[in-house]
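First the structure, in the form of structure tokens, and then the observations on it.
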Protein chains: 2
Amino acid sequence: MTAYTPSETSRRSGFSIDTLRYYERIGLLSEVDRTPGGQRVFTDDDLGWLGMLRCLRDTGMPINQMCRFAELSRSGDQTIADRVELLRAHAEAVEEQMALLEKQYGHLRDKIRYYERELSGQR
Amino acid sequence: MTAYTPSETSRRSGFSIDTLRYYERIGLLSEVDRTPGGQRVFTDDDLGWLGMLRCLRDTGMPINQMCRFAELSRSGDQTIADRVELLRAHAEAVEEQMALLEKQYGHLRDKIRYYERELSGQR
DNA sequence: CTGGCACCTGGAGCGCGCTCCAGGTCAAGC
DNA sequence: GCTTGACCTGGAGCGCGCTCCAGGTGCCAG
């Protein structure tokens, strides 16, 4: 099990050090290991979990839902069904998000094409 | 040219009345017509423009870029090239956004599948 | 003419997700 | 042992995009 400094962890996870501390504070990251002197030491497990968090954040899950998910994850195997449910609901939201995004992207492309015609017809 | 009340416009555009006022204030919506008594009267043109704004917002364009676009749009035909450039840059950003979203959506689905296997292997 | 609801203005406030700060401590290289 | 840079804590602050509020006016149905 490799150990990582905060800055290394930040580099690998893409979260700033401040954000890592913030996540620990609000319970998204459960009690990170420390050196005798009190500096954080992250593990591969932490990095894996941070990858999960990155996935959820990038797909737009709000922090408080992530906290709920983190809490479930800390509470043992009998919460797996709840976790699946939460993730499935989120996946559905993401599907809607992608559909909307693609639709509006289409409109955007139309607009661009329209302007391009204006531009070429102009001179 | 049909005329629309604020609430009708809100209903049709999906922006709240407060947001419509806010957009006018910051120059996203150029001077909306008024009744003699000072109440706003929106036109079909306004609704069309609001559709454009809706498209840009839904695809994540920040407000200040939208303001720049609005300003260009108000400044006549010689800004069309600039507008195209702005929209094209935005379209590229949207493509990246969609790519990331799809990638993370894939991870999310993987996670769900993983948990489902845990669940079925459990009892 | 009046009641009542929609709308007006300017400005304050809010929720989110960080980000920054002051003032101090830790730890690795010379 | 000392320096120096990374890290610590608790708490304040921030940027975004609205949203709400007080106190007042407009407009239309009955």
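When reading the values below, keep in mind they use all heavy atoms of this one structure, side chains included, and skip hydrogens, waters and symmetry mates. Predicted model, so just to flag it, every value in this text is computed and none were measured. A, B, ... follow the sequence lines: proteins, then strands. Residue 1 opens every chain.
- Residue A:Ser7 has its side chain nearest to D:dA6 when only D:dA6, D:dT9, C:dC16 are considered.
- Atom pair B:Arg11:CZ and C:dA6:P shows a separation of 14 Å (rounding to whole Å applied).
- Counting any heavy atom pair closer than 4.0 Å across all strands shown, B:Arg57 reaches sugar-phosphate atoms only and no base atom.
- A straight line from CD1 of B:Ile26 to P of D:dG17 spans 8 Å, rounded to a whole angstrom.
- Minimum atom distance to the side chain of A:Ser16 is reached by C:dT19, of the listed D:dC18, D:dC8, C:dT19.
- Within a 6.0 Å sphere centred on CD of B:Glu85, heavy atoms belonging to other residues, nucleotides or ligands number 12 at most.
- To the nearest 0.5 Å, atom OG of residue B:Ser13 and atom CD of residue B:Glu8 are 10.0 Å apart.
- We find that CG of B:Leu20 is positioned 13 Å from C1' of C:dC7, with the value rounded to whole Å.
- Between the CG atom of A:Leu56 and the C1' atom of C:dG17 there is a distance of 15 Å, rounded to whole Å.
- Across the protein-nucleic acid pair, A:Asn64 atom CG and C:dG17 atom C1' stand 11 Å apart, rounded to whole Å.
- Nearest to the side chain of B:Gln39, among C:dC8, C:dG17, D:dC8, sits C:dC8.
- The CZ-C1' distance, from B:Arg34 to C:dC7, rounds to 10 Å in whole Å.
- Rounded to an integer number of Å, the gap from CD1 of A:Ile17 to P of D:dC8 is 7 Å.
- Between B:Thr19 and D:dT19 there is a side-chain polar atom (N or O) within less than 4.0 angstrom of OP1 or OP2.
- Considering only the side chain of B:Arg25, C:dG10 comes nearest among D:dC8, C:dC8, C:dG10.
- Across all strands shown, B:Pro62 has heavy atoms under 4.0 Å from sugar-phosphate atoms exclusively, and none from any base.
- At the phosphate of D:dG26, neither OP1 nor OP2 sits under 4.0 Å from any side-chain N or O atom of B:Thr35.
- Rounding to the nearest 0.5 Å places CG of A:Asp45 at 11.5 Å from CH2 of A:Trp49.
- The residue among B:Gly38 and B:Tyr23 whose nearest nucleotide of DNA chain D is located toward the 5' end is B:Tyr23.
- Here the C1' atom of nucleotide C:dC16 and the CE atom of A:Met66 are 13 Å apart, to the nearest Å.
- Taking the charged nitrogens against the carboxylate oxygens, B:Arg83 and A:Glu118 have no contact shorter than 4.0 Å, which rules out a salt bridge.
- For A:Tyr22, the side-chain atoms get nearest to C:dT19 when compared with the rest of C:dC8, C:dT19, D:dC18.
- Distance from the side chain of A:Asp18 is smallest to C:dC20 among D:dC16, C:dC20, C:dA6.
- Judged by the 6.0 Å and 45° rule, B:Arg54 forms a cation-pi pair with B:Phe15.
- Proximity of A:Arg40 to the phosphate of C:dA27: no side-chain N or O atom is located under 4.0 Å from OP1 or OP2.
- Taking 4.0 Å as the cut-off between side-chain N and carboxylate O, B:Glu102 and B:Arg109 do not count as a salt-bridged pair.
- For B:Arg21, a side-chain nitrogen or oxygen approaches OP1 or OP2 of C:dC8 to under 4.0 Å.
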